[in-house]
K.L.:
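One structure, pasted below without further comment.
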Amino acid sequence: MAATAVLIGAGDRGMIYAGFALAHPERLKVVAVAEPDPARRERAARLHGIPPERRYRDWAELLAEPRLADGCIVATQDRLHVEPCLAAFEAGYHVLLEKPMALSEPDCARVAEAARGSGRALSVCHVLRHTAFWKAAKAVVDRGDIGEPYSIFHAENVSYHHMAHSYVRGNWRDSASASPMILAKCCHDLDLIAWLAGRRPLRVASFGALSHFRPENAPPGATPRCTDGCRAECQYDAVDTYLRGRHMKLALRKAGSAPVRAAMGLLLRAPGLCRLVPGLGRYVDWPEWPTSTITTDLSEAGVMRALREGPYGRCVYACDNDQVDHQETIFDFEGGLTATLRMQGHSHLEGRTLRIDGSRGTLLGTFGGGGGLEVHRHRDGRRARYPVRSDAYGHAEGDRGMIERFTEILEGRTEASPADEALMSHRMAFAAHESRAGGRVVSL
Ligand SMILES: NC(=O)c1ccc[n+]([C@@H]2O[C@H](COP(=O)([O-])OP(=O)(O)OC[C@H]3O[C@@H](n4cnc5c(N)ncnc54)[C@H](O)[C@@H]3O)[C@@H](O)[C@H]2O)c1
């Protein structure tokens, strides 16, 4: 019989994890949903065949019921992770919790403590650990292929349009109501760095700023909304981004195989012509992320309404954002290992780059954009390539791996990683934030 789960928050992420139940109904079934947005709630209920009495407007209503399933997926926004998670443990669920665990260190510790006390599994969605690329990188280090690791360089290259969508116009633009960039975006990277290092971080220093997305950098002729007749020559044009999906098509073209490149080239160069080709017309506009996150009405009129009325049509130089757009963070680990994390929001392609230098070799990797992993051995100069290619945007494989692993936990086939592992990467983020804000080295 399939394992069962309830879904709290049927937004972008919640629907991705719930999607595993649609692809593998023999392994997972979503039996209840809590979501205040009626359109989202009904969409989830329809897709998963959830009866009316198991559709709730709020997580508290759902979790007030006696336990309805084996697991609980908590995919609400950052500020709403702690309370539903604690209530889910109280009710006896295993919990899949979106990152970040919480917005403060004491709250993260409460979540970890509740997991320990309940004897239930806590899976924090550090999805990248579940990709072939990062598993291979970890295996290289653990096998000793590069000897003793001394230096890690890890870059989180956020594409210019992802930066604008999420951290300038969107849900994570305000570090106080969401969480600071180093937690909101980089807790994945900190988790990977700590995992690869395999030892305790001791100290951290961090520098960074919001340099670009400020009113003084608006191009001449910019209007408060892109839909106000803006005449500026600008890569952040919201209509181009959300209705036409221009930046996603460009990214897929750069990273894709020859047929994908050809198709994307055609869509970009000749959208009018593409509308005439049966079947291709529906791809001229862009129904995928990020457009799918700004409205549930994906018709041209629906997207344009969202741009005229909602936050995503605003000029990126006239938003209420305060997130840094670049930040460098240096960690000193036990045993003399140092690690640098670079986050920057001006990248041509989305992805991570990795370099680990060790006593016997160097590991080089590019995650995202179809990149790969290779090891250079010092002794004989030989290079070994690993057959792991990340997909164009890097996320989907990890999302699948994450929910599959949670399903295995519900099936009783595996155990979750200790809650303290997730807690460590969050502690690193809070310490880095404190260092940047206070201009000092912080001990962990
Ligand atoms: N693991 C990753 O790689 C990754 C990637 C992106 C986002 N995230 C995280 O996932 C979380 C969700 O992000 P998202 O993009 O899906 O956001 P979203 O806004 O699309 O979805 C959140 C949903 O929660 C619902 N909600 C609000 N109040 C609720 C309540 N009281 N009870 C039940 N549901 C409620 C909202 O209506 C919304 O539909 C965030 O914390 C984000 O940081 C993780």
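Note: hydrogens, waters and symmetry copies are ignored here, and every other heavy atom, side chains too, is used. Small disclaimer: the values here were computed from a predicted structure and weren't measured. Counting starts at 1 for both ligands and their atoms, in listed order.
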K.L.:
Under a heavy-atom criterion of less than 4.0 Å, does H81 contact ligand 1?
P.N.:
yes
K.L.:
Among all protein non-hydrogen atoms, which one is nearest to atom 24 (O) of ligand 1, and what is the separation to 0.1 Å?
P.N.:
G9 CA, 3.5 Å
K.L.:
For the aromatic rings, using the six-membered ring if either is Trp, is the centroid distance between F213 and Y236 under 6.0 Å?
P.N.:
yes
K.L.:
Nearest heavy atom to atom 32 (N) of ligand 1: which of W172, Y56, Y17, W59 does it belong to?
P.N.:
W59
K.L.:
Hey, is H188 touching ligand 1 through its side chain, its backbone, both or neither, going by heavy atoms under 4.0 Å?
P.N.:
side chain
K.L.:
Count the heavy atoms of every other residue, nucleotide or ligand shown that sit under 6.0 Å from CZ of R79, and state whether that count exceeds 12.
P.N.:
no
K.L.:
If you have a sec, work out which protein heavy atom is nearest atom 3 (O) of ligand 1 and how many Å separate them, to one decimal?
P.N.:
H395 CE1, 2.7 Å
K.L.:
Measure the distance from atom 21 (O) of ligand 1 to every protein heavy atom, then report the residue, atom name and distance (to 0.1 Å) of the closest one.
P.N.:
G11 CA, 3.4 Å
K.L.:
How far is atom 22 (C) of ligand 1 from the closest protein heavy atom, and which atom is that?
P.N.:
A75 O, 3.5 Å
K.L.:
Classify the ring geometry between H426 and H126 as parallel (under 30°), tilted (30 to 60°) or perpendicular (over 60°).
P.N.:
tilted
K.L.:
Using a 4.0 Å heavy-atom cut-off, say whether P84 meets ligand 1 through its side chain, its backbone, both or neither.
P.N.:
neither
K.L.:
Closer than 4.0 angstrom: is that true for some heavy atom of T293 and an atom of ligand 1?
P.N.:
no
K.L.:
Counting heavy atoms only, name the option from A34, A10, C125 that's nearest to atom 33 (C) of ligand 1.
P.N.:
A34
K.L.:
Any salt bridge linking E113 with R110? Criterion: basic side-chain nitrogen under 4.0 Å from a carboxylate oxygen.
P.N.:
no
K.L.:
May I ask you to identify the nearest protein heavy atom to atom 26 (N) of ligand 1, giving residue, atom name and distance to one decimal place in Å?
P.N.:
P36 CD, 3.5 Å
K.L.:
Is it the case that the ring center of H162 lies less than 6.0 angstrom away from the ring center of Y167?
P.N.:
yes
K.L.:
Test your reading of the model: is there a side-chain donor-acceptor pair from S206 to the backbone of S435, 3.5 Å cut-off?
P.N.:
no
K.L.:
Taking N or O atoms only and a 3.5 Å limit, does D37 qualify as a polar contact for ligand 1?
P.N.:
no
K.L.:
With a 3.5 Å cut-off and no angle check, do the side chains of Y160 and H348 form a donor-acceptor pair?
P.N.:
no
K.L.:
Students should be able to answer this: which protein heavy-atom is nearest to atom 31 (N) of ligand 1, and at what distance?
P.N.:
D58 OD1, 2.6 Å
K.L.:
At under 4.0 Å between heavy atoms, which part of K99 makes contact with ligand 1: side chain, backbone, both or neither?
P.N.:
both
K.L.:
Tell me the protein heavy atom at minimum distance from atom 43 (O) of ligand 1, and give that distance in Å.
P.N.:
D78 OD1, 2.6 Å
K.L.:
For atom 11 (C) of ligand 1, what's the nearest protein heavy atom and its distance?
P.N.:
T76 O, 3.2 Å
K.L.:
Out of E35, R79, R13, who gets a non-hydrogen atom closest to atom 36 (C) of ligand 1?
P.N.:
E35
K.L.:
List every atom of ligand 1 that sits less than 4.0 Å from any heavy atom of L80, numbering the atoms from 1 in the order shown and giving each element.
P.N.:
28 (N), 29 (C), 30 (C), 31 (N)
K.L.:
Verify the distance criterion only: is there a donor paired with an acceptor across the side chains of R54 and Y56 at less than 3.5 Å?
P.N.:
yes
K.L.:
Just wondering, more than 12 heavy atoms not from R27 lying within 6.0 Å of its CZ?
P.N.:
yes
K.L.:
Between E434 and R440, is there a side-chain N and carboxylate O pair less than 4.0 Å apart?
P.N.:
yes
K.L.:
Please tell me whether W134 and H154 form a close aromatic pair, meaning their ring centres lie under 6.0 Å apart.
P.N.:
yes
K.L.:
Between ligand 1 and D12, is the shortest N or O to N or O distance under 3.5 Å?
P.N.:
yes
K.L.:
Where the closest heavy atom to atom 10 (O) of ligand 1 is concerned, which of M101, K185, Q77, E98 has it?
P.N.:
E98
K.L.:
Do the rings of H247 and H161 sit parallel, tilted or perpendicular, given the 30° and 60° boundaries?
P.N.:
parallel
